[in-house]
Every structure is written in structure tokens, then in C-alpha cells.
Amino acid sequence: MVKISGIQEEIELRSETTCKEVLSRALSGKKLKEVVACKCHNRLYDLDSGIDEDCSELDPVYLSSPDGLKVLRHSAAHIMAEAVKKLFPSAKVTIGPDIENGYYYDFDFERPFTPEDLEKIEARMSESVAGNHSFERLVVSRDEAKKIFLDMNETYKLEILEDLDQDTVSLYKHDDFIDLCRGPHVPNTGYLKAFKLTSVAGAYWRGDEKRPMLQRIYGTAFASPKDLKKYLVQLEEARKRDHRKLGVQLDLFSFSEEAGPGMPIFHPKGALIRTILEDFERKEHLKRGYHIVQGPQILRRELWEKSGHYDNYRENMYFTSIDEQSYGIKPMNCLSHMLVYKTRLRSYRDLPLRYFELGKVHRHEKSGVLHGLLRVREFTQDDAHILCRPDQLQDEIIAIVKFVQDIMELFGFEYEVEISTRPEKSIGTDADWDRATSALSLALKTLAVDYSVNAGDGAFYGPKIDVKLKDALNRKWQCATIQCDFTLPERFDLYYTGKDGQKHRPVMLHRVILGAIERFLGVLIEHYAGAFPVWLAPVQARVMNITDVQKEYVEKCTQKLRDKGIRVDMDVRNEKLGYKVREAQMEKIPFVLVVGEKEIDNSALNVRLRNGKNLGMQSIKDVVELIYEEMDEPFKQGGMSYRYLY
RNA sequence: GCUGGCGUAGCUCAACUGGUAGAGCAGCUGACUUGUAAUCAGCAGGUUGCGGGUUCAAGUCCCAUCGCCAGCUCCA
């Protein structure tokens with residue numbers, strides 16, 4: 001007997017029963033047509049596949065469900081590969097999985113695919129869709145499969161087969177195209193009603209930059225043309241939030257070809273926002289028992305040799321030379337923090353020591369990875385190094401994670417947390433790694449933070465927790481990170497005197513909360529779509545007149561608000577009110593304060609909010625209170641407080 | 001760094017298969033004195049990223065270089 005999810009009755013199983021047969025007895029024809037696969041014990045199967053005897057509950061997978069779309073997109077990848085092979089027989093196929101929002105397939109071909117090629121491929125795919133070719137699953141021995149792909153000269157498939165350690169493999173065939181594939185697939189090509197090829201890009205075979213560069217064609221597919229259109233419109237909307245675009249529109253920052261790539265230049269408004277963020281951070285760190293320190297921008301090369309950066313990080317560093325001395329421009333802030341620690345003897349009573357620095361670092365990032373403010377070559381980290389006794393490590397990590405949580409809540413970010421464990425190339429004892437890794441995971445468990453494990457992705461000197469935020473297009477960017485370090489205290493011979501009068505090695509944590517101010521600001525811009533909360537808005541209010549008659553009153557009000565610490569400017573240009581309101585709106589200024597005859601008569605201001613709402617006339621005193629109230633709003637939870645006076 | 005695409009006025013974009021660069025917004029000047037997302041008119045603005053080449057003629061074709069965009073690899 002098998003139960004169908006969402007259906008009351010149980011269906012009796014006979015041998016050789018396929019998923020489709022079972023479902024057809026439970027679902028109406030119309031509903032059945034929407035089913036593309038089925039799921040049992042969390043595994044997806046083709047509709048044609050037989051049902052295991054131990055399957056007690058069968059989930060129909062509908063085309064428009066997340067699983068259904070995965071199946072559809074994977075099938076679309078096959079149909080695309082078929083089209084490519086028909087148009088360009090000498091192209092070799094490699095792999096083609098479904099991905100978030102779409103799919104891709106990598107090909108090895110003697111010349112680059114052009115946008116025109118994509119059109120041709122799309123057209124050829126449509127033919128295949130019109131043909132309603134069934135997807136057929138064939139199970140063959142590995143040797144048979146090798147022979148098949150050898151005959152087709154599909155060398156990449158042969159390489160994949162070499163690495164598989166199973167005796168039989170599955171192949172999928174539709175029309176005359178055959179591919180090595182685990183499946184499942186939609187019943188036939190006719191299911192691909194809404195698809196689009198989106199771009200071509202290079203991609204290394206097996207992600208290895210030493211292997212050949214393949215050509216990756218990206219595409220997407222949806223259950224209906226309506227869904228596809230919706231997705232494309234969404235994408236268009238997301239692009240409008242791009243911080244590089246908003247940065248220009250809101251006059252926050254720019255890049256100059258003359259200054260150099262990856263070197264952001266902050267304009268008055270952008271610089272003001274980051275100043276507010278930085279000031280806020282200083283307060284929050286002092287409150288949490290950190291000490292603010294500051295080290296030099298360039299340090300002798302010998303010191304970078306001592307720390308290991310010269311050996312491990314040299315290609316990312318800038319060097320300069322003065323009086324025949326070589327100096328490295330700092331790519332990290334840890335060195336001077338080590339030096340602060342070493343300036344005197346430390347007792348176990350002094351620990352933990354938490355050194356905080358808004359440190360500007362330079363890293364020579366590869367040119368192809370630069371991306372607006374999100375990936376630059378000069379940036380400011382809200383960096384700290386915590387030196388503590390081993391018995392304090394756990395509490396320190398918990399405090400940092402809590403700090404991160406508070407900040408993320410303040411900004412309203414959704415984030416993903418990962419723990420990266422020991423990589424192959426690493427130093428330190430297994431015991432050290434185990435202790436540190438479990439301290440990190442225990443901290444996350446204590447605070448009920450969901451996380452995934454990124455096995456083998458830790459730094460060579462220790463495991464880490466990474467916090468990732470998403471940009472407008474859902475690309476993930478690492479912001480906060482908490483890293484254990486076994487090497488630096490060793491290399492710098494840091495110690496403290498214990499209760500026993502003996503020397504002991506302190507444990508060290510590197511950590512950032514926002515990560516890089518530049519990157520964080522970039523993500524913030526996209527998060528708020530440029531409409532910053534009042535406490536961060538570079539211009540919080542703009543006072544404007546209707547005619548010249550009110551000019552003087554506007555000047556007076558502006559000054560009064562400024563005296564109250566509100567970031568305010570005025571617009572007394574000889575323009576229509578609608579024109580001036582529109583400009584303020586496009587600058588995303590939270591409060592527009594309009595002055596006409598009535599306002600002067602009542603010693604008031606007329607308040608218009610950024611969302612278009614009009615609050616009517618209010619006294620200046622009430623307007624000040626209103627703005628204060630809005631500034632404080634985000635701080636009402638999370639144990640932070642802030643009022644910024646400028 | 002690699003693969004591909006793109007670089008025209010401050011911004012957004014136009015200029016058929018090569019025929020000598022144009023519009024809107026912004027800017028400046030003037031008129032209009034204006035009630036919650038664009039008042040009208042005029043003026044000015046470009047060695048088409050930079051450097052070579054092909055051609056009678058290059059924004060357009062070729063080469064090189066710088067930068068930007070997408071992706072890969074790498075990272076805050």
C-alpha cells in the first residue's frame with residue numbers, strides 16, 4: 001500500500017507499478033498533467049520509474065513547485081545541449097545542472113558562442129519542444145556507457161565516468177540526444193513551454209583554473225510564460241537597486257579611471273553615511289569592552305615575513321620602499337595589534353584584551369573580481385583581535401555572535417551562516433582544531449543560529465564562522481567573520497603570566513562585524529534601495545518655500561533644525577513646488593518640510609514623508625520630535641542606542 | 001588572472017550596410033511667483049576611453065592598451 005500526499009485513499013502496489021500509474025489512480029486528469037516527477041523518501045524519481053516496495057508515501061511533484069522547476073530546468077539543459085550538438089556537432093558536452101533561478105550547460109567548442117548563436121540555439125530548442133520527444137531512462141553498465149561516449153568522442157563524459165565508482169549508470173535519451181545523467185526528467189520535451197537563454201560566459205572545466213576554459217550557456221525556464229515574464233520583470237526591478245547605479249544617482253561615491261580600479265571615492269553624502277556607521281561602531285565596541293587602537297598603514301617587510309603574510313599573501317600585497325627599506329602596505333590589521341599586546345607583560349587578569357580598529361587595508365585583488373563597492377582594492381575593516389585565555393574562548397565567541405545578531409537585526413538583514421572547517425593545507429594540532437571548531441559551533445547552537453558546514457574551507461590557520469548577506473541580485477557576499485588563529489600568537493611569541501606564575505600562550509580570534517565598511521555600505525544601499533533609515537540618511541529633511549515671500553522663514557527654520565542636530569538643507573529656488581518635491585523625492589529624503597503663507601501664519605511646517613504621505617501642518621518643535629522619534633526607531637530593540645548630532 | 005560583451009556631452013540614450021556627431025534630463029541666462037513627482041524660451045556643452053593602422057573618408061573596420069559589465073577562479 002502506498003499513500004499519496006494530499007490524497008486520502010491508499011493505493012495498492014502491484015509489482016512493476018510505475019509512479020505514473022499510481023498517481024493516475026489518485027489524481028484527476030488535469031492535475032495529473034501538472035505532475036512532472038515524484039518524490040519518495042526525499043528522492044526524486046521519473047514518472048516512468050517503478051516504485052520501491054518500501055515506499056509508503058509518494059509525493060507528486062508539480063511543475064510549478066520548487067522541485068518541479070528543478071526537474072524542468074535540468075531537462076531544459078538537456079534540450080539545450082541537444083540543440084547545440086545539432087547546430088555545432090563538434091562541440092563537446094560536459095555538465096549541465098539546474099541552479100537557482102535557472103540552469104546552465106558547459107561546452108567545449110573551438111570558437112566562442114555569439115549572441116546570434118544563442119538565438120539559433122533557442123530556435124532549435126523550440127523545435128525540440130514542439131517535437132514532444134519523450135525522455136527515456138536507460139540503465140547500462142559503466143563499461144557500456146564508456147563505449148557509447150567513446151563512440152561519440154565525448155571525452156569529458158568519459159572523464160566523469162572514470163571518476164564514478166558505481167557499476168551501473170543511468171543515461172537519458174530524448175530524440176537522438178543521449179547524456180549521462182542521474183535524472184529525473186520531465187516526461188517529454190513538450191513540457192518546456194517557457195524558457196530563455198540569458199548569457200554566455202567562460203567557466204573552467206571542473207572549476208579548476210589550470211584546466212581548459214569551457215563556454216557556459218546560462219538559461220532559465222519556468223512553468224508558464226507568465227512566470228517567466230514575472231521573473232524577468234523582477235530581475236529588471238532588482239537592477240534598479242544596484243548600488244553602483246544608486247551611488248551615482250544619489251551622489252554617494254564614484255570610481256575614477258585616473259585614480260585606479262577598485263579605489264572608491266566618497267562624495268559628501270556617501271562619506272557622511274560611512275562616518276555615521278563608523279561612529280556608531282566605535283560606540284558599540286567601547287560599550288562591549290573593546291579598546292580602540294590604531295596602527296601604521298605601512299610596516300616593514302620583515303614583520304610581514306614573521307607573520308607569514310609574505311609567504312602566504314604576498315601576491316595580494318602592495319610594497320613600497322623608503323631609504324632602502326622595504327615596506328608592505330597592510331592588507332590586514334593584525335600585526336600592529338600584536339605589537340600593542342607585546343609592549344608589556346600581560347597577566348591572566350588582563351585577559352581578554354579586545355583591540356578594535358577601523359583599519360584601512362589594501363589588497364591587490366584580481367582585476368576580474370572588482371565589483372562596485374562590494375569588491376574593491378582599498379577598504380576599511382571594522383576589525384578586532386581578541387586575545388584571551390583558552391577558558392574564555394567560548395564566551396568570547398558567543399559575545400561576538402550576539403554582537404553580529406544585534407547588528408543584523410538593527411538593519412533588518414537576512415543572512416546565512418557557515419562554519420568552515422580544517423582545509424587540507426593547514427597548521428596546528430587536531431586537538432586545537434577540534435576545540436576551536438566545536439567552540440564555534442557550540443556558540444551558534446547556544447544562540448540558536450542555523451548554520452551550514454563548509455567542510456575544508458577554513459583558513460590555513462584556523463576554522464571560522466562566516467556571515468553572508470545578499471545583494472539585489474541574490475549574490476552572496478561575506479560580511480561578518482569570526483576566525484580562530486593558532487599561528488600568530490605563536491609566531492609573535494605572545495604570552496601571559498598565569499596564576500601559576502608560568503608563561504601561557506593566549507588564544508586569538510580575528511573578527512569583523514560589518515566586514516568592510518565599503519562592502520557593507522554597498523549591500524546597505526541595495527537593501528534599502530537607497531532610502532536610508534532616518535538615522536543614516538545623509539539629508540534627513542529639506543525645507544522648501546512656495547514663493548520668494550517665505551524665503552526668510554525657510555532660512556530661519558533650517559537653522560533651528562540644524563541647531564537641534566538634524567541634517568537638514570533647504571531649497572529656495574524659484575521653481576514650482578511640484579518640481580522641488582519631485583527632486584527631494586528622487587533623492588529619497590525622509591522629510592520634506594513645505595512653507596507657504598499658512599505655515600508662516602501658524603509658525604509651522606507642512607510635513608511630507610518619503611512615502612508620499614502628508615502629515616499636514618506641525619509646529620517646529622513637533623517636527624523635531626518626529627524626526628528624533630524616527631531616528632531612534634530601529635534602536636528600540638537589540639540593546640543598542642544611538643543619536644547622532646551633526 | 002581567464003572567457004565573452006561593452007566604452008558617444010555630467011546622466012540616459014540616438015547616428016542605415018564607413019560619408020564628417022544628435023536628443024531628453026542636468027548646467028547657465030531670461031521670463032513666470034508657483035501648495036506636494038517635471039513651467040516656458042534661449043545659450044552652452046563632445047579630438048566618440050587612450051594610442052596606432054586600413055581608407056579619398058572611421059563613432060562605425062583592424063591591432064594594441066586602459067576601464068566597465070556578466071561569469072569562472074579567488075576573497076571583506
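Letters A, B, ... mirror the listed sequences (proteins, then strands); counts begin at 1.
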Hey, is [X] close enough to [Y] for a salt bridge, meaning N to O under 4.0 Å?
X         : Y         : value
Glu159(A) : Arg211(A) : yes
Arg363(A) : Glu378(A) : no
Glu209(A) : Lys366(A) : yes
Asp117(A) : Arg111(A) : yes
Lys120(A) : Glu116(A) : no

Less than 6.0 Å separating the ring centroids of [X] and [Y]?
X         : Y         : value
Phe413(A) : His527(A) : yes
Tyr290(A) : Tyr355(A) : no
Phe403(A) : His285(A) : yes
His364(A) : Tyr318(A) : yes
Phe113(A) : Phe88(A)  : yes
Tyr105(A) : Phe107(A) : yes

Under 4.0 angstrom, heavy atoms only, what part of the nucleic acid is [X] near: base, sugar-phosphate, or nothing?
X         : value
Lys598(A) : base
Arg475(A) : sugar-phosphate
Tyr218(A) : sugar-phosphate
Gly578(A) : sugar-phosphate
Gln478(A) : sugar-phosphate
Glu365(A) : base
Val369(A) : base
Asn316(A) : nothing
Gly368(A) : base
Glu599(A) : base
Arg244(A) : sugar-phosphate
Glu597(A) : base

Between [options], which nucleotide has the shortest distance from any of its atoms to the side chain of [X]?
X         : options                : value
Arg363(A) : G67(B), U3(B), C75(B)  : C75(B)
Lys366(A) : U73(B), G4(B), A38(B)  : U73(B)
Ala201(A) : A37(B), A70(B), A76(B) : A70(B)
Glu209(A) : U36(B), A76(B), G1(B)  : G1(B)
Ile546(A) : G35(B), C72(B), U33(B) : G35(B)

Tyr104(A) six-ring face occupied by Arg73(A) cation (under 6.0 Å, within 45°): no

Quiz item: cation-pi between Arg274(A) and Phe266(A), 6.0 Å / 45°: yes

Check: Tyr204(A) side chain, G1(B) base, donor-acceptor under 3.5 Å: yes

Under the ring pair (Phe, Tyr, Trp, His ring centres under 6.0 Å) rule, collect the residues that match up with [X], sequence neighbours excluded.
X         : answer
Phe486(A) : Trp433(A)
Tyr528(A) : none
Phe532(A) : none

Please list, by residue number, the residues of [range] whose heavy atoms come closer than 4.0 Å to an atom of RNA chain B; answer none if no residue qualifies.
range                       : result
residues 607-614 of chain A : Arg608(A), Asn614(A)
residues 511-532 of chain A : Ala516(A), Arg519(A)
residues 376-385 of chain A : Val376(A), Phe379(A), Gln381(A)

Pairing residues for Lys468(A) by the side-chain contact (heavy atoms from CB on, under 4.5 Å) criterion, not counting sequence neighbours: Glu418(A), Asp466(A), Lys476(A), Gln478(A)

Ignoring backbone atoms, test whether [X] places a side-chain nitrogen or oxygen under 4.0 Å from the OP1 or OP2 oxygen of [N].
X         : N      : value
Ser367(A) : G1(B)  : yes
Gln483(A) : A76(B) : yes
His371(A) : A70(B) : yes

Full working for side chain to side chain contact (heavy atoms under 4.5 Å, CB included) between Met80(A) and Arg124(A): CA-CA 8 Å; Met80(A) 181 167 85; Arg124(A) 189 63 199 71; over 6 Å; no

Spacing between Asn101(A) atom CG and G71(B) atom P, to the nearest angstrom: 12 Å

Rounded distance in Å between the C1' positions of C62(B) and U54(B): 7 Å

C1' gap between U3(B) and C11(B), integer Å: 31 Å

Hey, what are the protein-to-nucleotides 6-12 of chain B N/O distances that come in under 3.5 Å?
none

Exam field: side chain Thr94(A) to backbone Asp106(A), donor-acceptor pair closer than 3.5 Å: yes

With Lys240(A) via salt bridge (Lys or Arg N to Asp or Glu O under 4.0 Å) - residues at least two apart: Glu237(A)

Bracket notation of RNA chain B in which parentheses pair within the strand, [ ] cross earlier pairs, and | pairs with another strand (Watson-Crick or G-U, under 3.5 Å): (((((((..((((.....[..)))).(((((.......))))).....(.(((..]....))).))))))))....

Pairs of donor and acceptor atoms involving the side chains of residues 580-591 of chain A, under 3.5 Å and at least two apart or interchain, shall be tabulated with distances.
from      : atom 1 : to        : atom 2 : distance (Å)
Lys580(A) : NZ     : Asn545(A) : O      : 3.1
Lys580(A) : NZ     : Asn545(A) : OD1    : 2.7
Lys580(A) : NZ     : Asp571(A) : O      : 3.1
Lys580(A) : NZ     : Arg573(A) : O      : 2.9
Glu583(A) : OE1    : Arg573(A) : NH2    : 2.7
Glu583(A) : OE2    : Tyr579(A) : OH     : 3.4
Gln585(A) : OE1    : Arg608(A) : NH1    : 2.6
Gln585(A) : NE2    : Arg610(A) : O      : 2.7
Glu587(A) : OE1    : Lys269(A) : NZ     : 3.3
Glu587(A) : OE1    : Arg542(A) : NH2    : 2.9
Glu587(A) : OE2    : Arg542(A) : NH1    : 3.2

Contacts under 3.5 Å, N or O only, protein and nucleotides 28-32 of chain B:
from   : atom 1 : to        : atom 2 : distance (Å)
C32(B) : N4     : Asn574(A) : ND2    : 2.5

